[in-house]
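Accompanying notes for the structure given below.
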Amino acid sequence: MMSRAEVSARVRAVMARMTLAEKIGQLSMLADGLVETGPPGPHNPFTMILEGRVGSLLNVWGRDLIREAQRKAVEESRLGVPLFFGLDVVHGHRSIHPVPLGEACAFDRELWEQTARDSAIEAFSDGIHMTFAPMIDVARDIRWGRIVECAGEDPYVNAEFARARVRGYQAADAEGFMRLAACAKHFCAYGAVLAGRDYAEADVSERTLHEVYLPPFKAAVEESVAAIMPAFVDVAGVAMTAHEKLMRGLLRTQWGFDGLIVSDYNAVSELMNHGVAADLAEAAALALHAGVDIDMMSEAFPQGLPVALERGAVSLEQIDDAVARVLAFKERMGLFDDPYRGIGVDISAGRAARRALSREAARRSIVLLRNEDAMLPLRAKSIALIGPLADAPEDQLGAWASAGAGAESITIVEGLRRGFAGAHVSFARGCAFTAPIDGGVDDAVMGARDADAVVLCIGEDRLSTGEAASRTKPEIPAAQLDLARAVYAAGKPVVLVLCVSRPLVLPDWLVDGARALLIGWHAGSEMGPALADILSGAFNPSARLCVSWPTTTGQTPVFFGMRPTGRPHDPNNGWSTGFLDAPYAPRFSFGEGIGYAHFTRGSLRLDEATINRHAVTTLRVDVTNVSEVPGVETLFLFARDPVAQVTRPLLELKDFTKVALAPGETTQVSFSLRASDFSYLDSELQPRLDNGVIRLFVGASARASDLDCIELTIADGPREA
Ligand code: GLC
């Protein structure tokens with residue numbers, strides 16, 4: 001808890017004048033309703049501002065609206081306490097970047113930080129003080145629509161993403177105040193919902209919590225994240241919004257997190273739906289006890305806390321602790337000095353640079369998975385651009401696009417026409433997202449027949465993936481498959497671009513029939529130019545998949561970090577783990593992706609092949625660009641502990657790096673290793689480091705065929721009884 005001593009005299013003076021209703025008002029966050037991110041509430045926030053019964057607003061932005069709301073609070077309410085404003089600035093605010101699942105495929109910590117910094121500059125100027133991001137829920141089930149918001153299947157990648165995002169959002173401005181407070185979400189294990197059903201229970205073991213779902217949040221706390229949002233779900237029967245052990249126990253006490261805990265939308269009152277609170281007062285008490293400071297959009301704190309106080313279910317001290325944290329946050333954001341900080345600051349001079357970064361992020365996120373006969377870079381003089389996603393200015397922004405406007409998007413049609421100025425680029429929509437268009441397929445086929453090559457852009461609209469968008473059939477809509485079938489039959493070489501926000505199940509013929517295949521994601525405002533840069537060769541693709549791509553829905557969840565089992569998969573032994581009706585491996589593995597350059601790796605070397613428990617060593621490998629074009633190679637470092645006290649994952653990702661090489665250039669890539677990097681949680685969930693062999697793998701993806709191996713021996717360290 002924040003000690004009273006840490007609370008400034010100014011905050012203490014304000015608190016001393018507050019009535020109970022005004023204190024509870026500071027703990028209430030209401031939506032103004034510009035963007036709907038949950039069921040609408042009964043409130044009129046502006047009335048409540050005047051009465052001091054709200055401390056922050058969400059889902060409102062724009063200088064005039066923010067300024068007016070703030071003016072009412074500061075000049076017309078009794079105590080004039082400033083509001084703060086929150087919004088889901090998840091992948092850009094006006095210059096929209098690729099959806100997070102796409103940008104994670106860049107495997108570029110610096111890029112992740114830069115795009116967050118640009119988002120903060122844009123949101124700050126629109127009067128936003130907190131973003132409900134980064135979303136760092138490890139996700140491995142493609143039925144769950146919110147997989148789009150995270151950095152994929154791996155805890156380490158989500159942790160690195162968290163660090164970069166928090167640094168970027170919370171970078172200080174010229175006055176030394178952070179521009180945008182990050183709110184890491186959703187704490188925790190939201191990605192483990194039953195069968196991918198959004199909001200459903202997440203029944204995970206204590207081990208899986210600590211090995212998979214908690215590490216990204218630990219990283220965010222280590223990076224001084226300003227706020228954390230609990231998940232809607234219950235974890236093994238304990239609703240996260242009331243999870244005292246994980247929030248007050250682990251988060252605040254063990255990890256020392258002293259920021260704000262902001263509930264998810266209406267989640268405090270939904271403790272009654274969880275069946276753990278009989279009324280709003282009980283719900284409010286449970287949440288406050290667990291450490292929640294701000295109730296987003298529910299009636300629980302405003303109506304329930306006064307009753308809970310009367311019942312003795314909460315103390316005034318607990319309420320004061322939460323109020324002190326909220327006011328300290330506002331002070332830290334400079335709002336007591338200048339409640340109108342940032343609103344309306346002119347950032348137009350940097351717009352071109354922010355759009356250029358949006359394009360760069362899209363270029364580095366688009367994954368090239370096939371390029372038969374080196375079809376790309378495209379040399380065709382006439383190109384038939386086909387498909388509904390080629391002209392989808394809103395949908396290319398993806399879900400959670402904040403203030404991003406389709407009118408400011410550069411579509412794929414526009415991008416290709418600019419990027420292939422010397423070629424004839426025809427366009428035929430072919431069909432709608434989920435339905436045929438009269439004559440659409442015929443027009444598309446005609447266009448294909450008249451061209452040298454086809455660029456076919458299919459996928460999903462942006463609302464088919466995201467919150468409350470779980471799907472039992474995460475597939476390309478039938479109308480678009482019908483279009484693809486007809487276009488393939490025209491017999492011209494096809495570049496297939498999948499514009500999606502999650503891995504969708506693909507029919508074999510769609511993949512096999514494409515000469516080239518790219519995952520374009522929903523890549524943001526500049527998706528068109530970015531794709532054109534890749535197809536024309538102006539940019540050499542360098543993205544790699546951050547999530548395994550299942551062959552069928554039945555195969556999900558599938559991920560590289562599975563445990564070996566007693567009967568590891570053996571294609572020649574039916575009595576081994578696998579399926580009768582689907583391959584064991586995903587269609588595409590974590591880390592897959594190619595470019596126009598080709599690289600070779602020398603043999604792996606360790607400075608010391610045997611180290612003791614306190615030692616460090618370095619793994620080195622020479623990488624050579626053996627092609628005639630410059631390129632960027634991504635290398636992953638995995639580890640496997642073959643014998644331990646508990647079963648260990650088949651592969652654990654320990655590091656990743658990218659290296660840019662000119663044609664013919666060789667460079668040495670090195671990974672620093674500490675023996676402690678290979679400790680694990682024993683059967684009692686206590687850290688343990690054994691002596692023995694650790695297998696290290698370095699390569700371009702999680703596929704065995706892409707990995708080289710070397711063994712590190714840890715030579716001492718008592719083998720505990
Ligand atoms: C939503 C989401 C959460 C978001 C919040 C505010 O329900 O669960 O991620 O930040 O409401 O929009």
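Counting starts at 1 for both ligands and their atoms, following the listed order.
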message: Are F232 and F187 an aromatic pair, judged by ring center distance below 6.0 Å?
response: no

task: Compute the ring centroids of F84 and F329, then answer whether they are less than 6.0 Å apart.
output: yes

- prompt: Could an N or O of ligand 1 be found under 3.5 Å from any N or O of K185, whether backbone or side chain?
  reply: yes

query: Short N/O distance, under 3.5 Å, between Y265 and ligand 1?
result: no

Does some side-chain heavy atom of [Y] sit less than 4.5 Å from a side-chain heavy atom of [X]?
{"X": "L251", "Y": "I228", "result": "yes"}
{"X": "I366", "Y": "I519", "result": "no"}
{"X": "D198", "Y": "E467", "result": "yes"}
{"X": "P306", "Y": "I24", "result": "yes"}

task: If you have a sec, work out which protein heavy atom is nearest atom 1 (C) of ligand 1 and how many Å separate them, to one decimal?
output: E467 OE1, 3.3 Å

task: Among all protein heavy atoms, pick the one closest to atom 5 (C) of ligand 1 and tell me residue, atom and distance.
output: D264 OD1, 3.4 Å

Atoms of ligand 1, numbered as shown, that sit under 4.0 Å from any heavy atom of [X]:
{"X": "M229", "result": "10 (O)"}
{"X": "F232", "result": "7 (O), 8 (O)"}
{"X": "H186", "result": "3 (C), 8 (O), 9 (O)"}

- prompt: At under 4.0 Å between heavy atoms, which part of M130 makes contact with ligand 1: side chain, backbone, both or neither?
  reply: neither

query: Which part of E149 is near ligand 1, with near meaning a heavy atom under 4.0 Å away: side chain, backbone, both or neither?
result: neither

- prompt: Nearest heavy atom to atom 12 (O) of ligand 1: which of V89, N266, D88 does it belong to?
  reply: D88

message: Any atom of ligand 1 sitting under 4.0 Å from a heavy atom of M135?
response: no

query: So, does R146 sit close enough to ligand 1 that a heavy atom of it is under 4.0 Å from the ligand?
result: yes

- prompt: Applying the salt bridge (Lys or Arg N to Asp or Glu O under 4.0 Å) test to E122, which of R351, R354, R117 qualifies?
  reply: R354

- request: Let me see the working for W61 and H93 under side-chain contact (heavy atoms from CB on, under 4.5 Å), right down to the final yes or no.
  value: CA-CA 10 Å; W61 73 83; H93 179 58; 4.2 Å; yes

